[in-house]
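Have a look at the structure below, then the notes.
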Amino acid sequence: MKKSTLKIADGYVDLASIRAHISSKEVKLQRGAAAFERNTGVASPIKRVGALGSDSLIDDANNSWYGTIQVGTPPQTFSVVFDTGSSDLFLPGSSCDAICSGHKLYNPNSSSSSESLGKAFKMTYADNATVTGNLYKDTVSLAGFKATAQTLGVASNTSSSFSEDKSDGLMGMSLRSNSDFYADSVFETLVAQKAVPEPVFAFKLASSGSELRIGGVNSALYEGEFTYTPVTKKGFWQLTGDAIGINGKEIVTGFSAIVDTGTTVILGNFTYVSQLYADINATEVDKGVYALPCNAMPDVTITLGGKSFPLSAENFNMGPTDSSGKMCFGGIVGYDLGDITSGQFQWILGDVFLRNVYTAFDVGQSRIGFAELA
(Lines give C-alpha, C1' and ligand atoms only; values in the text may rest on other atoms or scores of the structure.)
Protein backbone atom coordinates (compact mmCIF):
# COMPACT_ATOMS: atom_id res chain seq x y z
CA MET A 1 0.00 0.00 0.00
CA LYS A 2 2.70 2.43 0.96
CA LYS A 3 5.45 4.10 -0.97
CA SER A 4 8.09 4.92 1.60
CA THR A 5 10.65 7.57 0.80
CA LEU A 6 13.61 6.22 -1.15
CA LYS A 7 16.05 8.66 0.44
CA ILE A 8 17.73 8.54 3.83
CA ALA A 9 18.76 11.34 6.13
CA ASP A 10 21.97 12.21 4.25
CA GLY A 11 19.98 12.86 1.07
CA TYR A 12 21.17 9.96 -1.01
CA VAL A 13 19.02 7.08 -2.20
CA ASP A 14 18.93 3.89 -0.16
CA LEU A 15 19.32 0.87 -2.45
CA ALA A 16 17.41 -1.31 0.01
CA SER A 17 14.46 1.09 -0.23
CA ILE A 18 14.41 0.75 -4.01
CA ARG A 19 14.38 -3.02 -3.67
CA ALA A 20 11.60 -2.90 -1.06
CA HIS A 21 9.53 -0.63 -3.29
CA ILE A 22 9.89 -3.04 -6.20
CA SER A 23 8.85 -5.93 -3.96
CA SER A 24 5.76 -4.06 -2.85
CA LYS A 25 4.74 -3.55 -6.48
CA GLU A 26 5.12 -7.27 -7.15
CA VAL A 27 2.68 -8.24 -4.41
CA LYS A 28 0.16 -5.56 -5.39
CA LEU A 29 0.22 -6.56 -9.05
CA GLN A 30 0.08 -10.25 -8.29
CA ARG A 31 -2.95 -9.63 -6.10
CA GLY A 32 -4.62 -7.62 -8.85
CA ALA A 33 -3.79 -10.30 -11.42
CA ALA A 34 -5.35 -13.00 -9.24
CA ALA A 35 -8.45 -10.88 -8.75
CA PHE A 36 -8.69 -10.27 -12.50
CA GLU A 37 -8.55 -13.97 -13.28
CA ARG A 38 -11.07 -14.78 -10.57
CA ASN A 39 -13.51 -12.00 -11.49
CA THR A 40 -13.47 -12.49 -15.26
CA GLY A 41 -13.46 -16.30 -15.25
CA VAL A 42 -16.42 -17.02 -16.80
CA ALA A 43 -27.71 8.77 -6.54
CA SER A 44 -27.53 12.20 -5.87
CA PRO A 45 -24.19 14.01 -6.04
CA ILE A 46 -23.13 16.74 -3.65
CA LYS A 47 -22.35 18.84 -6.71
CA ARG A 48 -24.76 19.04 -9.58
CA VAL A 49 -23.73 17.04 -12.63
CA GLY A 50 -22.05 19.42 -15.02
CA ALA A 51 -19.59 20.82 -12.49
CA LEU A 52 -16.04 19.52 -12.30
CA GLY A 53 -14.33 18.56 -9.07
CA SER A 54 -10.67 18.73 -8.11
CA ASP A 55 -8.67 17.32 -5.25
CA SER A 56 -5.37 19.08 -4.58
CA LEU A 57 -2.66 16.52 -3.94
CA ILE A 58 0.14 16.69 -1.39
CA ASP A 59 3.55 15.66 -2.69
CA ASP A 60 5.62 13.38 -0.47
CA ALA A 61 9.16 13.89 -1.82
CA ASN A 62 8.16 13.03 -5.43
CA ASN A 63 7.42 9.58 -4.10
CA SER A 64 3.68 9.57 -3.55
CA TRP A 65 0.79 11.98 -3.81
CA TYR A 66 -2.24 11.94 -1.58
CA GLY A 67 -5.45 13.91 -1.16
CA THR A 68 -8.63 13.80 0.89
CA ILE A 69 -11.97 12.05 0.72
CA GLN A 70 -15.01 12.04 2.99
CA VAL A 71 -16.70 8.87 4.17
CA GLY A 72 -19.97 8.37 6.04
CA THR A 73 -22.90 10.41 7.35
CA PRO A 74 -21.95 12.83 8.81
CA PRO A 75 -18.78 12.81 6.70
CA GLN A 76 -15.43 11.85 8.20
CA THR A 77 -12.37 13.17 6.33
CA PHE A 78 -9.41 10.93 5.45
CA SER A 79 -6.20 11.29 3.48
CA VAL A 80 -5.59 8.60 0.86
CA VAL A 81 -3.09 7.73 -1.83
CA PHE A 82 -4.83 7.54 -5.23
CA ASP A 83 -3.56 4.39 -6.94
CA THR A 84 -4.38 3.50 -10.56
CA GLY A 85 -2.65 0.14 -10.06
CA SER A 86 -5.32 -1.25 -7.70
CA SER A 87 -9.10 -1.07 -7.40
CA ASP A 88 -10.22 -1.07 -3.76
CA LEU A 89 -10.67 1.54 -1.03
CA PHE A 90 -9.04 0.69 2.28
CA LEU A 91 -9.16 2.69 5.55
CA PRO A 92 -8.00 1.93 9.10
CA GLY A 93 -10.92 1.21 11.38
CA SER A 94 -11.72 2.34 14.89
CA SER A 95 -10.99 -1.17 16.18
CA CYS A 96 -7.44 -1.13 14.75
CA ASP A 97 -4.68 -1.64 17.29
CA ALA A 98 -1.80 0.67 18.17
CA ILE A 99 -0.26 0.19 14.71
CA CYS A 100 -2.88 2.62 13.39
CA SER A 101 -1.91 5.28 15.92
CA GLY A 102 -1.45 8.66 14.30
CA HIS A 103 -3.98 7.98 11.55
CA LYS A 104 -7.58 9.07 11.25
CA LEU A 105 -9.74 6.02 11.98
CA TYR A 106 -13.03 5.27 10.26
CA ASN A 107 -15.82 4.34 12.66
CA PRO A 108 -18.76 2.74 10.86
CA ASN A 109 -20.85 3.04 14.01
CA SER A 110 -20.59 6.82 13.73
CA SER A 111 -22.12 6.80 10.25
CA SER A 112 -25.85 6.47 9.70
CA SER A 113 -25.23 5.39 6.09
CA SER A 114 -22.79 2.54 6.86
CA GLU A 115 -23.76 -1.07 6.31
CA SER A 116 -21.77 -4.12 7.33
CA LEU A 117 -21.45 -6.73 4.58
CA GLY A 118 -20.65 -9.45 7.10
CA LYS A 119 -17.51 -10.41 5.22
CA ALA A 120 -13.88 -10.38 6.30
CA PHE A 121 -10.98 -9.51 4.02
CA LYS A 122 -7.25 -10.05 4.02
CA MET A 123 -4.83 -8.24 1.74
CA THR A 124 -1.14 -9.11 1.46
CA TYR A 125 1.59 -6.61 0.65
CA ALA A 126 5.39 -6.71 0.52
CA ASP A 127 7.39 -8.96 2.85
CA ASN A 128 4.21 -10.87 3.74
CA ALA A 129 2.78 -7.81 5.49
CA THR A 130 -0.99 -8.05 5.73
CA VAL A 131 -4.09 -5.97 6.32
CA THR A 132 -7.14 -7.71 7.75
CA GLY A 133 -10.57 -6.41 8.57
CA ASN A 134 -14.18 -6.34 7.43
CA LEU A 135 -16.11 -5.06 4.44
CA TYR A 136 -18.67 -2.28 4.68
CA LYS A 137 -20.71 -0.10 2.40
CA ASP A 138 -20.96 3.62 2.99
CA THR A 139 -21.18 6.96 1.24
CA VAL A 140 -17.84 8.17 -0.15
CA SER A 141 -17.30 11.71 -1.44
CA LEU A 142 -14.44 12.42 -3.82
CA ALA A 143 -13.73 15.98 -4.97
CA GLY A 144 -17.28 16.91 -4.06
CA PHE A 145 -19.02 14.02 -5.81
CA LYS A 146 -20.89 11.43 -3.79
CA ALA A 147 -20.82 7.65 -4.35
CA THR A 148 -23.49 5.91 -2.30
CA ALA A 149 -23.29 2.32 -1.03
CA GLN A 150 -19.60 2.12 -1.92
CA THR A 151 -17.77 -1.01 -0.78
CA LEU A 152 -14.69 -0.36 1.34
CA GLY A 153 -12.35 -2.36 3.51
CA VAL A 154 -12.10 -1.35 7.16
CA ALA A 155 -8.91 -2.63 8.75
CA SER A 156 -8.80 -4.00 12.27
CA ASN A 157 -5.15 -5.03 12.01
CA THR A 158 -2.24 -3.97 9.80
CA SER A 159 1.49 -4.50 9.46
CA SER A 160 3.88 -2.33 11.42
CA SER A 161 4.99 -0.51 8.27
CA PHE A 162 1.57 1.13 8.08
CA SER A 163 2.47 3.45 10.95
CA GLU A 164 5.05 5.13 8.69
CA ASP A 165 2.50 6.16 6.06
CA LYS A 166 1.59 9.83 5.90
CA SER A 167 -1.81 9.03 4.42
CA ASP A 168 -4.60 7.27 6.27
CA GLY A 169 -5.47 4.80 3.53
CA LEU A 170 -5.53 4.00 -0.16
CA MET A 171 -8.10 4.48 -2.90
CA GLY A 172 -7.71 2.21 -5.90
CA MET A 173 -8.67 3.75 -9.26
CA SER A 174 -8.20 0.72 -11.46
CA LEU A 175 -11.20 -1.29 -12.67
CA ARG A 176 -13.55 -3.79 -11.07
CA SER A 177 -11.85 -6.79 -12.68
CA ASN A 178 -8.91 -6.26 -10.32
CA SER A 179 -10.98 -5.89 -7.16
CA ASP A 180 -10.26 -8.11 -4.16
CA PHE A 181 -13.65 -7.04 -2.82
CA TYR A 182 -15.63 -8.01 -5.98
CA ALA A 183 -16.73 -4.38 -6.14
CA ASP A 184 -16.61 -1.32 -8.35
CA SER A 185 -13.91 1.23 -7.60
CA VAL A 186 -15.14 4.54 -6.20
CA PHE A 187 -14.87 6.23 -9.58
CA GLU A 188 -16.73 3.40 -11.33
CA THR A 189 -19.50 3.83 -8.77
CA LEU A 190 -19.64 7.56 -9.50
CA VAL A 191 -19.96 6.80 -13.20
CA ALA A 192 -22.62 4.11 -12.68
CA GLN A 193 -24.65 6.47 -10.47
CA LYS A 194 -24.31 9.26 -13.07
CA ALA A 195 -22.77 11.49 -10.43
CA VAL A 196 -20.02 12.95 -12.65
CA PRO A 197 -20.39 14.98 -15.87
CA GLU A 198 -17.90 12.81 -17.75
CA PRO A 199 -16.51 9.31 -17.03
CA VAL A 200 -12.97 10.75 -16.90
CA PHE A 201 -10.44 11.53 -14.19
CA ALA A 202 -7.04 13.11 -14.70
CA PHE A 203 -3.75 13.56 -12.83
CA LYS A 204 -1.03 16.13 -12.65
CA LEU A 205 1.82 14.81 -10.48
CA ALA A 206 4.54 17.31 -9.65
CA SER A 207 6.45 18.84 -6.77
CA SER A 208 3.83 21.61 -6.68
CA GLY A 209 0.39 22.19 -8.14
CA SER A 210 -0.47 18.48 -8.22
CA GLU A 211 -4.12 17.66 -8.76
CA LEU A 212 -6.63 14.88 -9.27
CA ARG A 213 -9.46 16.10 -11.49
CA ILE A 214 -12.78 14.27 -11.31
CA GLY A 215 -15.41 14.32 -14.06
CA GLY A 216 -13.15 15.68 -16.80
CA VAL A 217 -9.79 17.39 -17.31
CA ASN A 218 -8.32 20.71 -16.21
CA SER A 219 -7.42 22.61 -19.38
CA ALA A 220 -5.19 24.99 -17.40
CA LEU A 221 -2.76 22.18 -16.59
CA TYR A 222 -1.88 20.96 -20.11
CA GLU A 223 -0.97 22.26 -23.56
CA GLY A 224 -2.06 21.13 -27.01
CA GLU A 225 -4.14 18.04 -27.70
CA PHE A 226 -4.32 14.72 -25.93
CA THR A 227 -2.76 11.65 -27.49
CA TYR A 228 -4.99 8.69 -26.69
CA THR A 229 -4.18 5.00 -26.51
CA PRO A 230 -6.86 2.33 -26.03
CA VAL A 231 -6.98 0.13 -22.96
CA THR A 232 -5.95 -3.29 -24.24
CA LYS A 233 -7.16 -5.34 -21.28
CA LYS A 234 -9.64 -4.07 -18.72
CA GLY A 235 -8.55 -4.49 -15.15
CA PHE A 236 -5.29 -2.61 -14.98
CA TRP A 237 -4.97 0.55 -17.07
CA GLN A 238 -3.05 -1.38 -19.70
CA LEU A 239 -1.92 -0.13 -23.11
CA THR A 240 0.42 -0.88 -25.99
CA GLY A 241 3.28 1.57 -26.38
CA ASP A 242 5.28 2.34 -29.51
CA ALA A 243 8.84 2.76 -28.30
CA ILE A 244 11.24 3.64 -25.50
CA GLY A 245 14.35 5.47 -26.60
CA ILE A 246 17.59 6.83 -25.17
CA ASN A 247 19.54 9.70 -26.73
CA GLY A 248 17.50 9.61 -29.91
CA LYS A 249 17.78 5.85 -30.46
CA GLU A 250 14.76 3.56 -30.09
CA ILE A 251 15.83 0.62 -27.96
CA VAL A 252 12.49 -1.01 -27.15
CA THR A 253 9.57 -1.13 -29.60
CA GLY A 254 6.03 -2.45 -29.47
CA PHE A 255 5.71 -2.96 -25.72
CA SER A 256 2.81 -3.63 -23.36
CA ALA A 257 2.53 -1.58 -20.16
CA ILE A 258 0.25 -0.53 -17.35
CA VAL A 259 -0.02 3.06 -16.11
CA ASP A 260 0.31 3.11 -12.34
CA THR A 261 0.32 6.20 -10.13
CA GLY A 262 1.14 3.88 -7.21
CA THR A 263 4.61 2.96 -8.51
CA THR A 264 7.40 5.50 -8.04
CA VAL A 265 9.77 4.31 -10.78
CA ILE A 266 9.39 2.87 -14.27
CA LEU A 267 9.65 -0.92 -14.08
CA GLY A 268 10.55 -3.11 -17.04
CA ASN A 269 11.62 -6.68 -17.67
CA PHE A 270 15.31 -7.21 -16.92
CA THR A 271 16.23 -7.90 -20.53
CA TYR A 272 14.70 -4.69 -21.89
CA VAL A 273 16.10 -2.55 -19.10
CA SER A 274 19.62 -3.94 -19.55
CA GLN A 275 19.40 -3.11 -23.26
CA LEU A 276 18.46 0.48 -22.45
CA TYR A 277 21.29 1.05 -20.01
CA ALA A 278 23.86 -0.82 -22.11
CA ASP A 279 23.49 1.87 -24.73
CA ILE A 280 24.76 4.52 -22.28
CA ASN A 281 27.29 2.36 -20.38
CA ALA A 282 25.52 2.60 -17.04
CA THR A 283 26.65 0.43 -14.12
CA GLU A 284 24.37 -2.23 -12.64
CA VAL A 285 24.73 -1.83 -8.86
CA ASP A 286 22.07 -4.38 -7.95
CA LYS A 287 19.94 -6.67 -10.06
CA GLY A 288 17.96 -4.39 -12.34
CA VAL A 289 19.15 -1.19 -10.61
CA TYR A 290 21.57 1.05 -12.51
CA ALA A 291 23.72 4.07 -11.71
CA LEU A 292 25.30 6.66 -13.95
CA PRO A 293 27.04 10.01 -13.49
CA CYS A 294 24.70 12.54 -11.93
CA ASN A 295 25.74 15.16 -14.48
CA ALA A 296 25.15 12.89 -17.47
CA MET A 297 21.49 11.90 -17.38
CA PRO A 298 20.37 10.58 -20.80
CA ASP A 299 17.56 11.92 -22.98
CA VAL A 300 14.82 9.33 -22.46
CA THR A 301 11.60 9.30 -24.49
CA ILE A 302 8.51 7.13 -24.31
CA THR A 303 6.38 7.05 -27.45
CA LEU A 304 2.66 6.40 -27.03
CA GLY A 305 -0.01 6.73 -29.70
CA GLY A 306 2.57 8.00 -32.17
CA LYS A 307 3.81 10.86 -29.96
CA SER A 308 7.10 10.91 -28.09
CA PHE A 309 7.06 12.19 -24.51
CA PRO A 310 10.47 13.14 -23.07
CA LEU A 311 11.43 12.42 -19.47
CA SER A 312 13.20 15.36 -17.89
CA ALA A 313 16.65 14.71 -16.44
CA GLU A 314 15.32 15.87 -13.08
CA ASN A 315 12.54 13.28 -13.09
CA PHE A 316 14.71 10.46 -14.43
CA ASN A 317 17.37 11.05 -11.79
CA MET A 318 16.33 9.20 -8.62
CA GLY A 319 19.13 10.75 -6.56
CA PRO A 320 22.74 10.08 -5.59
CA THR A 321 23.97 6.63 -4.64
CA ASP A 322 26.10 7.97 -1.79
CA SER A 323 27.23 11.14 -0.07
CA SER A 324 29.80 11.96 -2.77
CA GLY A 325 26.99 12.95 -5.12
CA LYS A 326 28.87 11.74 -8.21
CA MET A 327 26.76 8.73 -9.23
CA CYS A 328 22.96 8.68 -9.33
CA PHE A 329 20.30 5.99 -9.71
CA GLY A 330 18.34 5.89 -12.97
CA GLY A 331 14.56 5.98 -12.79
CA ILE A 332 14.06 2.88 -14.96
CA VAL A 333 14.48 -0.30 -12.95
CA GLY A 334 14.59 -3.93 -14.10
CA TYR A 335 12.19 -6.48 -12.76
CA ASP A 336 10.75 -9.86 -13.72
CA LEU A 337 7.21 -9.07 -14.86
CA GLY A 338 6.78 -12.34 -16.73
CA ASP A 339 4.80 -13.95 -13.95
CA ILE A 340 1.96 -11.40 -13.91
CA THR A 341 -0.42 -13.95 -15.38
CA SER A 342 -3.44 -11.81 -16.19
CA GLY A 343 -1.72 -9.19 -18.28
CA GLN A 344 1.50 -10.24 -19.98
CA PHE A 345 2.69 -6.64 -19.76
CA GLN A 346 6.41 -5.93 -19.82
CA TRP A 347 6.45 -2.42 -18.33
CA ILE A 348 4.92 -0.37 -15.54
CA LEU A 349 4.85 3.33 -16.29
CA GLY A 350 5.04 4.83 -12.83
CA ASP A 351 5.61 8.32 -11.51
CA VAL A 352 9.04 8.81 -13.14
CA PHE A 353 7.05 8.94 -16.38
CA LEU A 354 3.79 10.43 -15.13
CA ARG A 355 5.51 13.49 -13.65
CA ASN A 356 6.30 14.56 -17.24
CA VAL A 357 2.74 14.48 -18.62
CA TYR A 358 -0.87 15.31 -17.86
CA THR A 359 -2.76 12.02 -17.87
CA ALA A 360 -6.48 11.41 -18.42
CA PHE A 361 -8.12 8.08 -17.62
CA ASP A 362 -11.30 7.66 -19.67
CA VAL A 363 -13.54 4.96 -18.21
CA GLY A 364 -16.31 5.59 -20.75
CA GLN A 365 -14.19 5.04 -23.85
CA SER A 366 -11.62 2.69 -22.27
CA ARG A 367 -8.64 4.81 -23.17
CA ILE A 368 -5.79 6.78 -21.61
CA GLY A 369 -4.80 10.22 -22.82
CA PHE A 370 -1.46 11.99 -22.44
CA ALA A 371 -0.73 15.67 -22.97
CA GLU A 372 2.19 18.00 -22.41
CA LEU A 373 2.19 19.86 -19.10
CA ALA A 374 1.36 23.57 -19.25
Does a side-chain N-to-carboxylate-O contact under 4.0 Å join R213 and E198?
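Result for this pair is no, no salt bridge flagged.
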Between D362 and R367, does at least one N-O distance fall below 4.0 Å, as a salt bridge requires?
yes
Taking the six-membered ring of F236 as reference, does the NZ or CZ atom of K233 fall below 6.0 Å from its centre and within a 45° cone about the axis?
no
Using a 6.0 Å distance limit plus a 45 degree cone around the ring axis, check whether K204 lies over the aromatic ring of Y358.
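Checked: cation-pi criterion not met.
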Pair [X]-[Y], side-chain donor/acceptor within less than 3.5 Å:
X    : Y    : answer
E211 : N218 : yes
Q76  : S110 : no
Q346 : S256 : no
T264 : D351 : no
D59  : S210 : no

Do the ring centers of [X] and [Y] come within less than 6.0 Å of each other?
X    : Y    : answer
W237 : F361 : yes
F121 : F181 : yes
Y277 : Y272 : no

Side-chain donor/acceptor of S111 to backbone N/O of T73, under 3.5 Å:
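Answer holds: yes.
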Taking a hydrophobic cluster as the set of Ile, Leu, Val, Met, Phe, Trp and Tyr residues connected by side-chain heavy atoms closer than 4.5 Å, whether directly or through intermediates, do F309 and V252 fall within one such cluster?
yes
